[in-house]
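See structure below.
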Amino acid sequence: LCPCLIYGAYVFLPFDAPLLPAISARLVYTLRCAAFATFPIILGMIVSGISRLCSSALEPFGELQREVEIHRTYVSQSVHLFILYFFNMAVLATYLPQELLKLIPLLTGLFAISRLIYWLSYAIGRSFRAFGFSMTFLPLLAMLLWNLYSMFILEPENLLA
């Protein structure tokens, strides 16, 4: 489903990436796009704080209720995945040709939407969360494989340059 979503958005959304010939400009572009991917994480932190305040637990460091635990786990996992996602996107931006730089904001949007889907499905039931997680993890895995392929096969002479 992820490749279909990315391809459809790539073809049908009417925007192009700005002209970015330098690697530093590409990294700044990736950093600016990645700021939007933090929206679901910040939203999760807010909801987690509100749910902790509204919980009926008398001990603040005691046993957490299921509602509080869901949001805390979501935020923790999202932060870990965001770090991996961001570093892989930064490396990906250095290897993509100019005409494919449109993928950076599309992958960022996919990350944000898939984290929100994961959060919703995790709150509904633990057995449904695999769909949202796979929408986050499989593009991350594809980026990692492309980055490794680019580093070791396409440009091994520029690996540390």
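For Ile23, the CD1 atom sits in a loose shell: 12 or fewer heavy atoms of surrounding residues, nucleotides or ligands are nearer than 6.0 Å. Tyr29 OH: more than 12 foreign heavy atoms inside a 6.0 Å radius.
Annotation: side chain of Leu154 is not in contact with side chain of Tyr95 (no heavy-atom distance under 4.5 Å). Inter-residue side-chain proximity for Leu13 and Leu106 is flagged as met; some heavy-atom pair is nearer than 4.5 Å. Using a 4.5 Å cut-off on side-chain heavy atoms (C-beta onward), Pro139 and Leu110 make contact. Side-chain contact between Tyr74 and Pro40 is present, with at least one heavy-atom pair separated by less than 4.5 Å. Looking at heavy atoms from C-beta onward, Trp119 lies in side-chain contact with His71 at the 4.5 angstrom threshold. Inter-residue side-chain proximity for Leu100 and Pro97 is flagged as met; some heavy-atom pair is nearer than 4.5 Å. Looking at heavy atoms from C-beta onward, Leu144 lies out of side-chain contact with Leu140 at the 4.5 angstrom threshold. The side-chain heavy atoms of Leu81 and Phe133, taken from C-beta on, include a pair separated by under 4.5 Å.
Here Ser78 contributes atom OG and Ile42 contributes atom CD1; the two are 11.0 Å apart, rounded to the nearest 0.5 Å. Between the CE atom in Met89 and the OG1 atom in Thr94 there is a gap of 12.5 Å [rounded to 0.5 Å]. To the nearest 0.5 Å, the span separating CD1 on Ile46 from CD1 on Ile41 amounts to 12.5 Å. Summarising the geometry, atom CG belonging to Leu31 is positioned 12.0 Å from atom CD1 belonging to Ile104; distances are rounded to the nearest 0.5 Å. Here the straight-line distance linking atom CD1 of Ile113 with atom CE of Met135 works out to 7.0 Å at 0.5 Å rounding. One finds the CG atom of Asn88 at 12.5 Å from the CD1 atom of Ile83 (value rounded to the nearest 0.5 Å).
Judged by distance alone, the side chain of Arg26 and the main-chain N or O of Leu92 form no donor-acceptor pair under 3.5 Å. Using a distance-only test at 3.5 Å, with no hydrogens or angles considered, no donor-acceptor pair links the side chain of Ser76 to the main chain of Arg72.
Linking ILVMFWY side-chain heavy atoms closer than 4.5 Å, directly or via other members, places Phe36 and Leu103 in two distinct hydrophobic clusters. When the side chains of ILVMFWY residues are joined at heavy-atom separations under 4.5 Å, either directly or via intervening members, Leu53 and Val47 end up in two distinct hydrophobic clusters. Linking Ile, Leu, Val, Met, Phe, Trp and Tyr residues whenever their side-chain heavy atoms come within less than 4.5 Å leaves Tyr85 and Val28 in two separate clusters. By the rule that hydrophobic residues join a cluster once side-chain heavy atoms approach within less than 4.5 Å of another member, Leu27 and Trp146 end up as members of separate clusters.
The side chain to side chain donor-acceptor pair (under 3.5 Å) pairs that include a residue from residues 96-114 are Ser114-Thr136, where partners are two or more places apart or lie in different chains.
Phe86 is linked by a ring pair (Phe, Tyr, Trp, His ring centres under 6.0 Å) to nothing, counting only residues two or more places apart in sequence or in another chain.
Shortest non-hydrogen contact noted between Leu101 and Ala93 is CD2-O, 4.0 Å. In terms of heavy atoms, Thr38 sits closest to Phe82 at CG2-CZ, 3.7 Å.
A cation-pi arrangement is found for Arg115 relative to Tyr118, the charged atom lying closer than 6.0 Å to the ring centre and inside a 45° cone about the ring normal.
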